Amino acid sequence: MVIKLQLENGAFEQDIRELLMAFYPGSVFRYEDQVLPDQKCKEEPEPDFIVSGRFLDGNTKYELKAERISVAKTELGGSGKAETGASKTPSKAPSEWEWEQEEFSPIIRKGLKEGMENLPFPIDLENRIDTKNKMKRRLYFLLMLDTRKQLPWGALTGIRPVKIPEGKLAEGWDEERISSYMEENYLTGEKKRRLSFEIAKEERRLLHSLDYQNGYSLYVGIPFCPTTCLYCSFTSYPIEKWKDRLEEYLDILEKELAIVGDTVSNKALQTVYIGGGTPTSLPPKQLERLLWILSNRFPLKTVKEFTVEAGRPDSITREKLRLLNEYGVGRISINPQSMNQKTLDLIGRRHTASQVEQVFWMAREQGFHNINMDLILGLPGEAEEEVKHTLDRIHHLGPESLTVHCLALKRAARLNLERDQYRHYPMASGQQIDSLSGLAENMARSMGMVPYYLYRQKNMAGNLENVGYASKDYGCLYNILMMEEKHTVIGCGAGTTTKVVIPKENRVERLETIKNIQEYLPRYQEVLDKKTKFLQSFPL
């Protein structure tokens, strides 16, 4: 679908675009800075949909319109209830939809009526947040009238929805009041309101004994993998092609880590997370060098949690597990994504399902009693039968935590760039993935796990979410601290992000490190200088 935006002064363009993407995944946008009366689109191809907005009455009112150019092109969602799949069969025109017969809450019913009338609504530009929410709510109802579907998270498009109930809990609000607030302001569905509240409480419990405001976390990026998976858009390079430059990368990484150790020596290092890529794709010699650098530069014995992503079974050996154990790594992640061999072959993971189980038990033998496993819902060709098989195998293994991802089709992923090659593999609809996530949740809870952190991504199937489940006291502290921006997280290595949290000013300052390793290596001095200047700019 081609969507044209005609927003006066580009007002709240990003928020409007994100909500449109949630309703119409994969859309292409055309832009126009100024609303002009009776303006016709002259771009090619012609737009299917136009969203226009303008200020009225001295900027005290706003008029928002969402107009489909061709009703025949409408991809309708069906019943008007919470659905994310789309039918190719056109239905009634929006004005003919008898939505009054649907089982909607009073808030949804009122909003639909206002959307049908589509009168300008009052705004106060000095209250930017309230104005933004009003715009998104009105647009939500206009799009709901067009598609006949609701979104599980309503008009909430941010990646950290749990920040809302967590913040309200800190102010002393109870669950009923928080739930009403999320429904009224963001139109969030009841199921997601309950989930976000439960996670907010668990996050607070896990962090209760941690003086996180006076500490910081360290993320170390190792941008290498055995191969690049079909769905992956992370900074990652085939280890075999870069094996002759690994020492060069570690040389620069050591310099970066030295800057951190010297600059933040007055704060307590509380969690360490080595991610990537796949850190265990490093040969034993380089892996040991990395662990040695960390242990000699930082007081790892006082660290509350030390995690290493050992995500690819084909990168794990008994020797590497021994090294991780020897240097104090307490938590590892072994990530099958699927336990179906056909899927593993398709997505480019050069290991077998049985290897996943072999490596898991090998880790147990080497003394690891805090193991996470990841799975992805919505992979090509996977439906309920395949997901149930994966869940059965994970249940048999019994990890301490499980992270359930809903497929996010990023622009840079091969699955997106080469989508024509995979058109013969059925892809689950958003509604189907929502159902599959329910199966995963039930299995995790049957193992004594509870949800402890959540985040969302752009272009995520069904506009859903990723959820981490864990047995009691096995929730990953780093995940919570990073996602909820509770304290400073310093990233070192190509493609990492440093986030300095300044609680007294309620703000977060970010520094992005060069992603492309081919640029990162020759420009390392620039990386070091920026990191030094950035960290010295704040009272750490």
Side-chain angles (χ1 to χ4, degrees), residues 159-160 162-173 199-221 253 256-275 291 293-308 327-331 370 401 452-455 468 470 472-493 496-513 528 530-540:
I159 66 173
R160 301 179 180 86
V162 178
K163 287 180 75 71
I164 297 169
E166 201 282 331
K168 298 304 181 186
L169 276 172
E171 296 175 17
W173 290 29
I199 291 174
K201 289 197 300 182
E202 182 65 7
E203 286 183 351
R204 289 172 65 82
R205 188 189 72 81
L206 289 169
L207 297 183
H208 179 70
S209 60
L210 187 68
D211 184 17
Y212 55 83
Q213 290 187 346
N214 292 314
Y216 75 101
S217 290
L218 180 66
Y219 179 88
V220 182
L253 189 57
E256 259 199 278
L257 291 166
I259 290 170
V260 176
D262 292 340
T263 309
V264 200
S265 58
N266 62 323
K267 275 189 175 286
L269 177 59
Q270 295 182 323
T271 74
V272 176
Y273 197 107
I274 305 180
L291 295 168
I293 291 169
L294 288 167
S295 65
N296 278 270
R297 179 59 64 177
F298 301 95
L300 296 184
K301 290 185 178 180
T302 62
V303 166
K304 304 293 184 183
E305 177 184 87
F306 191 174
T307 298
V308 171
Y327 279 90
V329 175
R331 181 179 183 274
N370 188 355
S401 59
Y452 77 94
Y453 99 112
L454 177 154
Y455 70 100
K472 187 175 182 181
D473 297 327
Y474 281 95
C476 179
L477 299 176
Y478 171 84
N479 284 341
I480 300 172
L481 292 165
M482 175 66 170
M483 192 51 53
E484 302 305 329
E485 298 179 331
K486 290 291 187 181
H487 77 172
T488 293
V489 176
I490 301 177
C492 292
T496 60
T497 300
T498 294
K499 298 197 291 188
V500 173
V501 176
I502 306 171
K504 293 181 179 179
E505 301 178 22
N506 192 30
R507 67 187 176 101
V508 178
E509 295 289 342
R510 292 172 172 80
L511 176 68
E512 305 286 341
T513 306
L528 300 178
K530 281 187 176 181
K531 173 103 8 128
T532 301
K533 183 178 180 180
F534 181 79
L535 293 178
Q536 290 178 348
S537 300
F538 306 103
L540 296 174

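Source: prediction; values computed, not measured. Side-chain atoms are counted along with the backbone in the values below, which use heavy atoms only and exclude waters and symmetry mates.
For Lys499 (side chain) and Arg510 (main-chain N/O), no donor-acceptor pair under 3.5 Å exists by modelled atom type. A distance-only check finds no donor-acceptor pair linking the side chain of Lys301 to the backbone of Ser295 [under 3.5 Å]. A donor-acceptor distance shorter than 3.5 angstrom exists from the side chain of Glu305 to the backbone of Tyr478, with no hydrogens or angles considered. Using modelled atom types, no side-chain atom of Glu256 and backbone atom of Cys492 make a donor-acceptor pair closer than 3.5 Å.
No side-chain heavy atom of Tyr219 sits less than 4.5 Å from a side-chain heavy atom of Thr498. Between Tyr452 and Asn479, some side-chain heavy-atom pair lies under the 4.5 Å cut-off.
Contact detail for Val260 and Lys531: the closest heavy-atom pair is CG2-CD, 4.5 Å. Nearest heavy atom pair, residue Gly493 against residue Thr513, reads O-CG2, 3.4 Å. In this structure, Tyr273 and Cys476 approach most closely via the heavy-atom pair CE1-SG, 4.3 Å.
Remark: Lys304 NZ is loosely packed, at most 12 non-hydrogen atoms of other residues, nucleotides or ligands lying under 6.0 Å away.
Between the CZ atom of Phe306 and the CG atom of Leu269 there is a distance of 9.0 Å, given to the nearest 0.5 Å. The OG1 atom of Thr532 sits 9.0 Å away from atom CG of Asp262, with the distance rounded to the nearest 0.5 Å. Note that the CE atom of Met482 and the OG1 atom of Thr271 stand 10.0 Å from one another [nearest 0.5 Å].
Ring planes of His487 and Tyr212: perpendicular class, angle over 60° (limits at 30 and 60°).
Between Arg160 and Glu485 there is a salt bridge, since at least one side-chain N of the basic residue sits less than 4.0 Å from a carboxylate O of the acidic one.
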Anything under 3.5 Å between a donor and an acceptor, one on a side chain of residues 204-211, the other on a protein residue two or more places apart or in another chain? List them.
residue: Arg204; atom: NH1; partner: Glu166; partner atom: OE2; Å: 3.2
residue: Arg205; atom: NE; partner: Glu202; partner atom: OE1; Å: 3.2
residue: Arg205; atom: NH1; partner: Asp473; partner atom: OD1; Å: 3.0
residue: Arg205; atom: NH2; partner: Glu202; partner atom: OE2; Å: 2.9
residue: Arg205; atom: NH2; partner: Asp473; partner atom: OD1; Å: 3.2
residue: Asp211; atom: OD1; partner: Asn214; partner atom: ND2; Å: 3.2
residue: Asp211; atom: OD2; partner: Asn214; partner atom: ND2; Å: 2.9

